[in-house]
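Structure record follows, encoded as structure tokens.
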Amino acid sequence: MIKTHTLGYPRIGLQRELKFALERHWRGEIDAGALETVGAGLRARHWAEQADAGLDFVTVGDFAFYDHVANHIQLFGCEPARFGFGDGDTALARYFTLARGVAHEHAHGVCCGAAAGGAAALEMTKWFDTNYHYLVPEFDASTRFTLASSRLLGEVAQARSLGHRVKVALIGPLSFLWLGKEKSADIDRLDLLEDLLTPYCALLAQLKQAGADWVQLDEPILGLDLPGAWILAFERAYRTLGTAPLPLLLATYFSPLEENLSMACKLPVAGLHVDAVRAGHELQSIADWLPGTKVLSVGIVDGRNIWRADLDAALARLQPLAARRRGELWLAPSCSLLHVPLRLREDAAIDPELRGWLAGAREKLDELKVLRRALADGEGSVSLELREARAALDARRSSERVRRPAVAARVAALGPGADRRASPYPVRAAAQQARFKLPPYPTTTIGSFPQTAQIRAARAAFKRGELAAADYEAAMRREIAAAVREQEALGLDVLVHGEAERNDMVEYFGEQLDGFAFSADGWVQSYGSRCVKPPVLFGDVARPAAMTVAWSTHAQSLTARPMKGMLTGPVTILQWSFVRDDQPRSTTALQIALAIRDEAVDLEAAGIGIIQVDEPALREGLPLRRAAWPAYLDWATRAFRVAASGVRDDTQLHTHMCYAEFNDILPQIAALDADVITIETSRSDMELLRGFGAYAYPNAIGPGVYDIHSPRVPSARDILRLMHKAADVIPARQLWVNPDCGLKTRGWAETRVALANMVEAARLLRAAA
Ligand SMILES: CN1c2c(nc(N)[nH]c2=O)NC[C@@H]1CNc1ccc(C(=O)N[C@@H](CCC(=O)N[C@@H](CCC(=O)N[C@@H](CCC(=O)O)C(=O)O)C(=O)O)C(=O)O)cc1
Ligand SMILES: N[C@@H](CCS)C(=O)O
Ligand SMILES: [Zn+2]
């Protein structure tokens, strides 16, 4: 028997309905009831789409008002005590407090716990190697788990009342613990497992009663290099969970199972889902190891990319499995469809030829439908659909839009010196100091200033054709001029133009480079209400014209201080786009690198002496298995250096990284050989910097002293304290003073005060030097 299902579905809505409802709720414009109505409407619509596509179950439990990991924190009653919630706080209000923190004022400005009337939000970090950010559960010695939320049961009831058969998706207990963080040194979160299993078992019983047919337990950590104790714990946990009164599907994705393969096959669950896109080479062994009575769910359609599936190739892999398995064979996307846009085939911004090559979430469900019919009733039953898919694939393969021989030739001709600056760092640093004469502890920002409603509205009007190009450009030039005036008034040393003209640091470049297409509605949730629209990188990359030079030179013309040019690096553009699957990522990265290199050289020729090449996604791109790290780091760091090495010695090249722990790749970061690196460090209270100190990081470094994710304004004293901690591990002459990241999500009022405090802190540091 062949069945189809999905591990999860996008929740933000085609028009980002969830985003707009959330932001209205947070502004106090709609109440909780109205927000719940929007949520229920989206769920109903998304289940209806799954039912229309003929899936055997709809998936319940993938919806979240902010983040699905945060849902589990409430579900299992482990909201950290530091939030000090009282009986009067509703579950939804508590949920948003966990996600967004409580802003609070202190005379001394130092962040503290709930007792003082506020608390910092839960930390946010990347969901495996995706650009989705989850809220990190916190565990300490007082952590206890109870079944504490009825939201999930309510959603099951909603789906049942709409007539759907239900499969509930939950994060499995081991992945939930793994993804969390120990807040005190005296605990090991694995010791919490037994306690956590009690509410899981209670929940499974209640889900059965509520009418769920299946429960999918996501254990993506089975694709990581796990410590032995965690591997052993799987057997313990699933022996308990396996007694549940309804069937369990253990879901793995993103990475091969390798040493965990036979264990995963033997666990006492009713079925196993595997990622046949990233771990297709394991399918055969899994089919061998998985008892014939169990369900094998094959993640055959790519849940991480947007290319129309090669249905012939999929059938060639599925047919032998279908022929030999006695148990049910389920077909699914490789992972949750959270990571792809809802629909692409009708997107008005993408030209019709290209659209036919793509598949968003809804279109992927249709691919499953065709595959199922082909397996169950023979290929003849879907010959038209198979022919169409084949034609689209052929068109893509043979399209002249995909290949540009000159680009490939330029990549092939890159010599060994292409990724090296002319002189070593000390020589460059001296030339740059002679040119810029910056004071000790130079101050700068990371690039973006607040993307105000006014800026967004002007761009929206321009895109709708209601604002002429010249008027839009004039408006952005005024925004840049205002940002320059603000920075001069604050007394910053190295200025930025503020990125007003950019919708997004990746999409903006994609829009201007050949080889990329961009959608109108291809939104993907990044965190909470924030979305990104990853461009589609379909062909060889070329830069038809300069992309940033006019904006940067305009900004430089308004000030005598150095204006930092602002570029996004090749690895980040690659990582945050949907990239082609017909050539190695390393080749695509080099093509982008050459385009960025040309832009940097043009900026330099136009008189911009300081250039930043942002690489926040360098760490995120690391493969999930350590064995694959060296190869990735090799090509990724080379791509960065190719982008960054075309400039003269006296041009100061900055890079910036955030959203990650860098200590495990410090040698490779040092090998980037940027003159200055700015990194996010304030939330970790400079702990992240320790590694840089221990490694004797040789070049200049700007540890972030302002947490830009929080509305909290750091005082000069806070910043001084952080800089003193920094100076404990990094020689003062190497240090810069800057925020953690760009300020696009902040407002001007808070930005102004925070930066004034930052400049004051730098003045005090210089005075004491
Ligand atoms: C640094 N980060 C980024 C990541 N990935 C990226 N691709 N880009 C990043 O910058 N990953 C890690 C982090 C994640 N952080 C963020 C932070 C903020 C956002 C964000 O604000 N996203 C915006 C959408 C950005 C965008 O494309 N804006 C467009 C469209 C604006 C818009 O919504 N217009 C409205 C009309 C507005 C009006 O009339 O006032 C409309 O079209 O309806 C633009 O500026 O033109 C968001 O709103 O979610 C994302 C990731
Ligand atoms: N230059 C970008 C970097 C974000 S990671 C910004 O400032 O928003
Ligand atoms: Zn950043």
Side-chain angles (χ1 to χ4, degrees), residues 12-20 22-23 124-127 130-134 339 349 444-464 466-467 472 476 479 483 496-511 518-535 548 564-569 571-578 611-621 654-660 662 677-683 702 704 706-709 738-746 751:
I12 206 83
L14 189 62
Q15 306 296 332
R16 290 177 294 161
E17 293 89 328
L18 184 57
K19 169 199 172 66
F20 294 117
L22 281 167
E23 291 176 358
M124 224 169 40
T125 198
K126 296 277 179 182
W127 176 251
T130 74
N131 194 9
Y132 175 78
H133 307 69
Y134 73 93
H339 311 289
T444 191
T445 60
I446 307 303
S448 57
F449 275 118
Q451 277 277 331
T452 58
Q454 187 183 319
I455 295 176
R456 300 255 203 229
R459 186 156 40 252
F462 167 54
K463 291 207 165 170
R464 282 195 301 267
E466 291 161 9
L467 186 67
Y472 173 67
M476 293 303 111
E479 294 289 346
V496 295
H497 78 286
E499 304 180 27
E501 79 290 3
R502 299 185 189 182
N503 45 7
D504 173 76
M505 60 185 286
V506 165
E507 194 184 4
Y508 176 77
F509 288 95
E511 283 176 351
F518 41 93
S519 60
D521 294 318
W523 293 102
V524 176
Q525 187 180 22
S526 179
Y527 67 89
S529 71
R530 299 286 179 176
C531 301
V532 293
K533 194 141 51 68
T548 64
K564 185 161 60 165
M566 196 57 58
L567 304 175
T568 303
V571 184
T572 298
I573 293 183
L574 181 88
Q575 196 63 27
W576 291 352
S577 301
F578 290 119
I611 299 169
Q612 180 170 306
V613 179
D614 288 322
E615 280 294 22
L618 184 87
R619 173 68 174 74
E620 168 194 320
H654 292 217
T655 190
H656 161 72
M657 294 183 191
C658 50
Y659 299 100
F662 306 106
I677 183 171
T678 56
I679 53 167
E680 174 182 339
T681 42
S682 79
R683 264 203 193 178
Y706 168 17
D707 174 6
I708 55 84
H709 290 298
N738 46 260
D740 271 351
C741 183
L743 296 158
K744 65 182 172 189
T745 57
R746 304 263 51 96
T751 294

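Order of appearance sets the numbers: ligands from 1, and atoms from 1 within every ligand.
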If the cut-off is 4.0 Å to any non-hydrogen atom of [X], which atoms of ligand 1 fall inside it?
| X | result |
| --- | --- |
| S526 | 14 (C), 51 (C) |
| R459 | 44 (C), 45 (O), 46 (O) |
| E507 | 27 (O) |
| H133 | 11 (N), 12 (C), 14 (C) |

How far is [atom] from the closest protein heavy atom, and which atom is that?
| atom | result |
| --- | --- |
| atom 29 (C) of ligand 1 | N503 CB, 3.7 Å |
| atom 4 (C) of ligand 2 | M505 SD, 3.5 Å |
| atom 20 (C) of ligand 1 | R530 CD, 3.6 Å |
| atom 36 (C) of ligand 1 | A460 CB, 3.9 Å |
| atom 8 (N) of ligand 1 | D504 OD1, 2.5 Å |
| atom 39 (O) of ligand 1 | A457 CA, 3.6 Å |
| atom 11 (N) of ligand 1 | N131 OD1, 2.8 Å |
| atom 3 (C) of ligand 1 | W576 CZ3, 3.4 Å |

Please verify whether a non-hydrogen atom of K126 lies at under 4.0 Å from ligand 1.
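Judged by the 4.0 Å heavy-atom criterion, K126 does count as contacting ligand 1.
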
Is A461 near ligand 1, meaning one of its heavy atoms is under 4.0 Å from it?
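So A461 does not count as touching ligand 1.
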
Examine [X] against ligand 2 and note whether any of their N/O atoms are separated by less than 3.5 Å.
| X | value |
| --- | --- |
| M566 | no |
| D614 | yes |
| K744 | no |

Interatomic spacing from [atom1] in [X] to [atom2] in [Y] - rounded to 0.5 Å:
| X | Y | atom1 | atom2 | result |
| --- | --- | --- | --- | --- |
| I679 | I446 | CD1 | CD1 | 10.0 Å |
| E501 | T548 | CD | OG1 | 8.5 Å |
| H656 | I677 | NE2 | CD1 | 9.0 Å |
| F518 | D504 | CZ | CG | 13.0 Å |
| E620 | Y132 | CD | OH | 14.0 Å |
| R16 | C531 | CZ | SG | 6.0 Å |

Looking at [X], which atoms of ligand 2 are within less than 4.0 Å of one of its heavy atoms?
| X | answer |
| --- | --- |
| H656 | 3 (C), 5 (S) |
| E499 | 1 (N), 2 (C), 6 (C), 7 (O), 8 (O) |
| I446 | 1 (N), 7 (O) |
| C741 | 4 (C), 5 (S) |
| C658 | 5 (S) |
| G447 | 7 (O) |
| P616 | 5 (S) |

Please examine the side chains of [Y] and [X], heavy atoms only from C-beta on, and report whether any two atoms are closer than 4.5 Å.
| X | Y | result |
| --- | --- | --- |
| S577 | V506 | yes |
| T572 | F509 | no |
| R502 | M566 | yes |
| R619 | M657 | no |

Kindly say whether [Y] contributes a backbone atom to a donor-acceptor pair with the side chain of [X] at under 3.5 angstrom?
| X | Y | result |
| --- | --- | --- |
| E17 | F20 | no |
| Q451 | E499 | yes |
| E615 | V571 | yes |
| K19 | I12 | no |
| T568 | D614 | no |

Just let me know how S448 lines up against ligand 2, side chain, backbone, both or neither, with a heavy-atom cut-off below 4.0 Å.
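Both parts.
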
Can you confirm whether the side chains of S682 and D707 place a donor and an acceptor under 3.5 Å from each other?
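S682 vs D707: no donor-acceptor pair found between side chains.
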
Ring-plane angle category for F462 and Y472, please: parallel below 30°, perpendicular beyond 60°, tilted otherwise.
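The arrangement is parallel - the two ring planes meet at less than 30°.
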
Can you tell which of [options] gets a heavy atom nearest to [atom]?
| atom | options | value |
| --- | --- | --- |
| atom 32 (C) of ligand 1 | K744, R16, Q451, M505 | R16 |
| atom 37 (C) of ligand 1 | Q454, R464, R456 | R456 |
| atom 24 (C) of ligand 1 | C531, G528, A453 | C531 |

Please confirm whether [X] comes within less than 3.5 Å of ligand 1 when only nitrogen or oxygen atoms on both sides are compared.
| X | answer |
| --- | --- |
| K19 | yes |
| W523 | no |
| Y527 | no |
| T745 | no |

Do other residues, nucleotides or ligands put more than 12 heavy atoms under 6.0 Å from the CD atom of E466?
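Result for CD/E466: enclosed.
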
Which angle, to the nearest 10 degrees, do you find at the Zn ion (ligand 3) between NE2 in H656 and SG in C658?
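The two atoms form an angle at the metal of about 110°.
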
side-chain hydrogen bond (donor to acceptor under 3.5 Å, both in side chains) with N503: which of K533, E511, R456, R459?
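Answer after filtering K533, E511, R456, R459: E511.
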
Side chain, backbone, both or neither: which applies to S529 and ligand 1 if a contact is any heavy-atom pair less than 4.0 Å apart?
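Answer for S529: backbone.
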
